[in-house]
Amino acid sequence: MDYVAIEKKWNKIWEDTKLYKFDEKKLDKKFYLLEMFSYPSGANLHLGHWWNFGLSDSFGRFKRLQGYNVFQPMGFDAFGLPAENYAIKTGIHPEDSTRHNIAIMERQLKAMGAMFNWEYEVITCNPDYYKWTQWLFVQLFKHGLAYQKEAPVNFCPSCNTTIANEQVVDGVCERCGSEVIRKNMKQWFFKITNYADELLSGLDKIDWPEKTKTLQRNWIGKSVGAEVDFKLENSNEKLTVFTSRVDTLFGVTFLVIAPEHKLVSKLVTKECEKDVLEYVEKASKKDEITRTSTTSPKTGVFTGSYVINPLTNEKVPVFVADYVISTYATGIVMGVAGHDARDFDFAKKYHLPIKQVIVEKGKKDTALPYCEYGELVNSQEFSGFTSEEAKVKIVEKLEKIGAGRFKTNVRLRYWSVGRQRYWGCPIPIVHCSHCGAVAVDEKDLPVVLPHITDYKPDGKGPLGKCKEFMQTTCPKCGRPAEREADTLDTFVDSSFYQLRYPESLHNNKEIFSREYVNKMLPVNCYVGGIEHATMHLLYSRFITKFLRDIGCLDFDEPFQRLFHQGMVLGPDGKKMSKRNTSKTADDYVNTYGSDALRLHMMFSLKYIDGGIWNDEGLKHIKAFMERVERIVLKWHKEKGDSKNYGSAEKELDYVLNRTIKEVAQNFESFSFNSAVARIMELVNAMYKYDTLKEKNAELMEKTVKDLLVILSPSAPHFTEELWEQIGEKYSIFNQRYPSFDASKIVLDEVEIAVQINSKIVARLNVGSTLSNEEILKIVKNDEKISALISGKTIMKEIVVPKRLVNLIVK
RNA sequence: CCAGGUGUGGCGGAAUGGCAGACGCACAGGACUUAAAAUCCUGAGAGGGCAACUUCGUGUGGGUUCAAGUCCCACCACCUGGACCA
C-alpha cells in the first residue's frame, strides 16, 4: 500500500464530505476536546506538534467512535513578543509576519488530516476576537477587579524600555548588557487574589493531575497563622507581625521590618538614623533577584527602638533587614532564632540571643537542631499541648488582651496585565482629566489596534506616539481625553478562548449566547503542557469564576479533565530544535506516512512522560502495518466456511474481546503505548489462528472488522483504506467502537499458582468456574502438593480466584 | 535550601497488594531462498547445572502483610518547579 498516496486521497475525501463537521443540533452527546492553541512561530510543523496534536486527535477519534459528537477546534495565540522582536530585527511588521505564519501553520495542520473543526477557528489578534478580550477587561474594570497602581518594573535605561523578568540575566539587560534598574510605574492589575480561596477549593472537584493541583496550591500559597501586635516601647504605636508559628512566641528575641516599610521612619532613633538611612538606600537599589537569592547574606541594621512581647512582656530590639519583604503579609517578622533558619543566621551575625521553645511536651522541634546554641524556654501555661493546640490557646489568649488574632495569608499576587508594547490587545480605557480612567463603552468596542510603523518599545507603550489613536473624547463627559497606551498581557487573550470557540462561527452581539455556551462547556478534556500550570491554567480558572459571578456562566471550572503531554526530546536529551534534529515531521510523513509516524509515537514513548525521540522503530511500525494489511486482505479473500466453534475459536474470541475492552480503557487514560500493544497481541492471535486449516467464517469477519475499527483512531488513513478494500461502506469513522462480550473473556481453564508458605511450588490448570472449595480440593489432592504437605498442619488457606492458592503449613 | 515527581532487562516500556519483565526493539536459532532482504515460526532477566531443577532479582536499608515493583519510614541518585512567604 502506498501510504503517502492514500493519505492524500482520504484527506481530500474527508474534507469534501465534511466528515468531521460538528453537529450543533446534538449537544447532548457533545464532547469538547481541546488542545492548547499555539503561537504562530512560522517554523515548520515539528515532531512536537505531531506529538501534541496528532495523539490527542487519536483520542478524539476514539471518542467519536464511542458515539460522541466531538468538538475539536483549533486556533492561534497570535499576539505577543516574538513577532515584535522579530519585527524590530527585520523591519517586517508584526501583523504581516503573524498572518504569514498563521497561513503556513494552517496549511500544515490541515495536512495532518486531523478532525479539527476549522470553521470555528479563533485568532487572538483579530478585532472580532479581541473585541471580547476588551469586553472582558471592561467587565473586570466595572467590578473593581481591574485597576491601576504604582508598581516597580524592570527598566533598561540604555534600551529605554521596560523588560520582562525573563529578560533580566544576572541583573543585566539580556540585549545590551547594561544594568537594569527598578522603576515605579503606573501599571494595570487584575485582582486575582479575590478568588484565592475559591481557586484553592475548586481544585478538589476537577479531574487534573495531582502534580498540577499541587503546583497551583503552592503558588496560591495559603498560610494559616496569626497576627501578633508588639507595642513600641514608650509609645502607643504598635508593630504587627504575621506568623504561622505563634507557638514559638516565647522564643522571640528581636523583630525585623522590611526596609520599604512605612513605619521605618517612625522607629529610627537619632543615634541610628545615619546607618538606617544608608541601609535603606542601598536595599532599594538592589533588584529583587539579588535580594531574594538564598546565597546572599542576611544583613540588617538596628533601628534603636524596642518593642514589648505581649505574652512575656520582654523587651526586644527592632531591626531593619532586606530579607523581609514589604509586600507579603505585614512586612514585619518576629525573629525566633531557635526555629527559623533565616532568623538563626541573622541572630548569629548580630549576636542576638537564641531561644528554643519546647513546643510540644517531650518533643523537640525537628525543623532545626539549634538547641546547642540557645537557651531552652518553656511556659507552664501552654505546656502539655501539641503545638497545634498551643497555637490556638495562645491566639485565644492574645485575643483576650487585644494583642493578636487568627489570620490567613496568601502568597498569590495581583496579576499584572499591562504591557508597554505594541503587538497586543489595546486596553479599552480613556484617561480624562476630569473623570479619571473611564472604560470605553461596550458598543464602541473594539478599540482597534492601529497599524503603525514605529513600534519600537520606548518604556511607555509605543501606541502613545500614534496621535490618531491616542486622541479621543471621554465617554463620560465628552471632553477631549487620551487613550491608554498599554496593551494587554497575552495570557488575558487566552484566558477565555475556550468560551469563544463554539461561538466564533455565529458572530453574535454578545460574547456568547448563554444557553448555547453553557451546553458546550466546560471543556471535557484539555491537553497541554505542564509549563502553564501556574499561569494560563490559573488565569482561565479565575476568569471563569468571575464570569460565573457576573451571571454569564453556570459553571466555574473551565477544564473538567486535564492531561499533560510529556516533551519529545532531541537525541541530546534537550528540547527539540533545528540544531539537534536533522529530520522534520514532513520527512517522516513523506517516507512512512503520517499514520506510521502517529503509531510509532503512540507506541514507543509514554504520552504523559515523553522522552528522547528515536526514529528506529518507524520501520518496524511500518512492518506491523503491513502485517495487519496482509491478514486483513487474506481473510477478506479467503472467507472460511466451517461453522464449528472449538477451542481455537474460543481462544481468538477471548483475545478479541479482551482487546476491545482494554484498548478502550487504555485510551481513556491516555496510555496509548499499551493500547497499541494490545492491538499487536490481537494481530498475533489472528496469525496463530490463521495456521489452522478449518476456520470459522463469521468469527474471521468479525475479527477483521473489529480490528480495523479499534485501530482506526491510531491509524486513520490506513484503516479507512482497508475498510474500503474489504468492501465496507464509507466511513469507518461512522462506525461504533465495538462492545465486548464479558462472557467471552472467561477462559475455560486457568493456570493458578500454588504456594506453600507464600512460595510458589507448582502451577496447576483448573476450571475457571470452580468454587474456592473445589479448587482447594484439587490442589490438596495433587500428587506433588499432597507429598509436600503430608504430616503438616494447615494453618491457613488463601485462595485468590483465578490467580493463586497459598497454603500456610506448620 | 524548600516542594513535587521519577528510579523495573542491553533499550523503549507493561503489571486493580496476588505467577515481575506484557508488547516491541536489539540478539540468537530454525523454515523459505542458489544467496541476501523480506516474511513466518521458536528462544531468551541474571548466575549455576547435560538435565529435571535451583539460587538471586523492580535504586539502598528497614517496616506492615499469608503475599510488596505496588503501602509506610529513612536514605541515595536523577528530573522539574519555587526561590528567603515569616
Side-chain angles (χ1 to χ4, degrees), chain A residues 209-215 217-219 221-223 225-226 228 241-246 248 255-256 258 288-289 291-298 321-325 327-336 339-343 345-346 409-413 530-531 533-534 566-567 573 600 603-606 609 611-614 616-621 623-624 626-627 630 662 665-666 671 673-684 687-688 690-691 750-763 795-809:
Chain A
E210 251 338 288
K211 192 177 176 174
T212 316
K213 292 192 193 181
T214 308
L215 280 170
R217 282 192 193 105
N218 292 346
W219 186 259
K222 187 172 180 171
S223 170
V228 183
V241 304
F242 173 74
T243 178
S244 59
R245 292 296 308 274
V246 72
T248 64
L255 242 61
V256 191
E288 204 167 321
I289 293 151
R291 227 176 104 171
T292 53
S293 105
T294 329
T295 45
S296 72
K298 311 279 170 289
D322 66 5
Y323 81 83
V324 174
I325 30 187
T327 47
Y328 182 73
T330 64
I332 311 174
V333 171
M334 61 185 209
V336 188
H339 295 271
D340 182 280
R342 292 152 299 164
D343 295 347
D345 289 347
F346 194 77
N409 269 308
V410 289
R411 198 177 322 183
L412 185 69
R413 307 228 191 140
I530 195 168
E531 64 273 15
T534 56
M567 230 195 295
H600 173 59
F603 183 60
S604 71
L605 293 169
K606 291 205 255 196
D609 291 354
I612 292 173
W613 170 252
N614 181 354
E616 234 175 54
L618 257 171
K619 58 173 187 278
H620 309 296
I621 282 291
F624 166 69
E626 284 162 354
R627 192 171 150 85
R630 273 194 301 277
E662 293 191 357
Q665 284 172 353
N666 289 330
S671 308
N673 54 346
S674 295
V676 177
R678 295 291 87 80
I679 295 170
M680 286 173 166
E681 279 170 350
L682 174 60
V683 174
N684 289 347
Y687 270 84
K688 193 176 171 195
D690 192 54
T691 57
V750 285
E751 189 187 66
I752 57 158
V754 181
Q755 299 181 328
I756 291 180
N757 292 337
S758 305
K759 232 180 133 163
I760 294 168
V761 293
R763 290 168 226 275
M795 312 295 292
K796 204 171 175 186
E797 297 163 344
I798 295 142
V799 184
V800 183
K802 290 171 205 170
R803 285 279 177 177
L804 59 74
V805 169
N806 190 3
L807 300 174
I808 308 302
V809 301

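Base orientation of G9(B): syn, since the glycosidic angle falls within 90° of 0.
The same atom, P, is picked in A20(B) and in A38(B); the two are 36 Å apart, to the nearest Å. Here the separation of A68(B) from G13(B), taken at their P atoms, is 27 Å to the nearest Å. If you take atom C1' in G10(B) and the same atom in G21(B), they sit 14 Å apart, rounded to whole Å. Going from the P atom of C25(B) to that of U42(B) covers 14 Å, rounded to whole Å. As rounded to the nearest Å, C56(B) and G61(B) have P atoms that lie 14 Å from one another. Look at the P atom in both A46(B) and G57(B): the space between them is 16 Å, to the nearest Å. A gap of 14 Å separates the P atoms of G62(B) and U70(B), to the nearest Å. Comparing the same atom, P, in A74(B) and in C19(B) gives a spacing of 29 Å after rounding to whole Å.
When rounded to the nearest whole Å, the span between CD of Glu662(A) and P of U16(B) equals 10 Å. If you measure from atom CZ of Arg630(A) to atom P of C41(B), you get 10 Å, rounded to the nearest angstrom. A straight line from CZ of Arg803(A) to P of A68(B) spans 16 Å, rounded to a whole angstrom. Separating the CZ atom of Arg411(A) from the P atom of C85(B) is a distance of 7 Å, rounded to the nearest angstrom.
Here Lys211(A) does not reach the OP1 or OP2 of G81(B): none of its side-chain N or O atoms lies under 4.0 Å away. OP1 or OP2 of A86(B) has not a single side-chain nitrogen or oxygen of Arg342(A) nearer than 4.0 Å. Here Arg217(A) does not reach the OP1 or OP2 of G4(B): none of its side-chain N or O atoms lies under 4.0 Å away. In terms of phosphate contacts, Arg627(A) brings a side-chain nitrogen or oxygen within less than 4.0 Å of OP1 or OP2 of C40(B). Between Asn218(A) and A83(B) there is no side-chain N or O to OP1 or OP2 distance below 4.0 Å. The side chain of Lys796(A) contributes no N or O atom lying less than 4.0 Å from OP1 or OP2 of U65(B). The phosphate of A86(B) (OP1 or OP2) has no side-chain N or O of Tyr323(A) nearer than 4.0 angstrom.
The pair Arg217(A)-Glu210(A) meets the salt-bridge criterion, since a charged nitrogen lies less than 4.0 angstrom from a carboxylate oxygen.
Within 4.0 Å (heavy atoms only), Glu210(A) reaches no atom of the nucleic acid at all. Residue contacts for Asn614(A): at a heavy-atom cut-off of 4.0 Å it reaches no nucleic acid atom on any strand shown. Residue contacts for Ala533(A): at a heavy-atom cut-off of 4.0 Å it reaches no nucleic acid atom on any strand shown. Backbone-only contact: Lys759(A) has heavy atoms under 4.0 Å from sugar-phosphate atoms and none from a base. At the heavy-atom level, Gln755(A) lies under 4.0 Å from base atoms of the strands shown. Residue contacts shown for Asn806(A) include a base, since a base heavy atom lies under 4.0 Å away.
Between Ser223(A) and Asn409(A), the side chains place no donor N or O within less than 3.5 Å of an acceptor N or O (distance only, hydrogens not considered).
Each of C84(B), U39(B), G18(B) was ranked by its minimum atom distance to the side chain of Ala623(A); first place goes to U39(B). Nearest to the side-chain atoms of Leu215(A) among the listed nucleotides G81(B), U55(B), C66(B) stands G81(B). Picking from U39(B), G4(B), A26(B) the nucleotide with the shortest atom distance to the side chain of His620(A) gives A26(B). The side chain of Ser674(A) lies closest to A15(B), out of A15(B), C23(B), A67(B). Nearest nucleotide to the Trp219(A) side chain, out of C84(B), A15(B), A83(B): A83(B). Side-chain proximity of Ile760(A) to the nucleotides A20(B), C23(B), A86(B) is greatest for A20(B). For Glu681(A), the listed nucleotide lying nearest its side chain is C23(B); candidates were C19(B), A86(B), C23(B).
Residues Leu605(A) and Asn673(A) share a closest heavy-atom pair of O-CB, 4.1 Å.
To the nearest 0.5 Å, the span separating CD on Glu797(A) from CG on Asn806(A) amounts to 10.5 Å. Taking CD1 of Ile798(A) as the start and CZ of Arg803(A) as the end, the distance is 16.0 Å to the nearest 0.5 Å.
Using a distance-only test at 3.5 Å, with no hydrogens or angles considered, no donor-acceptor pair links the side chain of His600(A) to the main chain of Glu616(A).
Nearest-nucleotide assignment on RNA chain B puts the 5′-proximal partner with Leu804(A), out of Leu804(A) and Ser758(A). Where Arg763(A) and Leu605(A) each meet RNA chain B at their nearest nucleotide, the meeting point lying more 5' is that of Leu605(A).
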From CA spacing to verdict: side chain to side chain contact (heavy atoms under 4.5 Å, CB included), Ile530(A), Thr212(A): CA-CA 7 Å; Ile530(A) 195 168; Thr212(A) 316; 4.1 Å; yes
Verdict with supporting geometry, Met334(A) and Thr248(A), side chain to side chain contact (heavy atoms under 4.5 Å, CB included): CA-CA 10 Å; Met334(A) 61 185 209; Thr248(A) 64; 3.8 Å; yes
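Under the 4.5 Å side-chain criterion, counting only non-hydrogen atoms from C-beta, Val333(A) is not in contact with Tyr323(A).
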Watson-Crick or G-U pairs under 3.5 Å in RNA chain B, rendered as dot-bracket with [ ] for crossing pairs and | for another strand: (((((((..(((.....[....))).(((((.......))))).((((....))))..(((((..]....))))))))))))....
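Residue Val799(A) forms a side chain to side chain contact (heavy atoms under 4.5 Å, CB included) with just one option from Leu804(A), Ile752(A), Val805(A), and that option is Val805(A).
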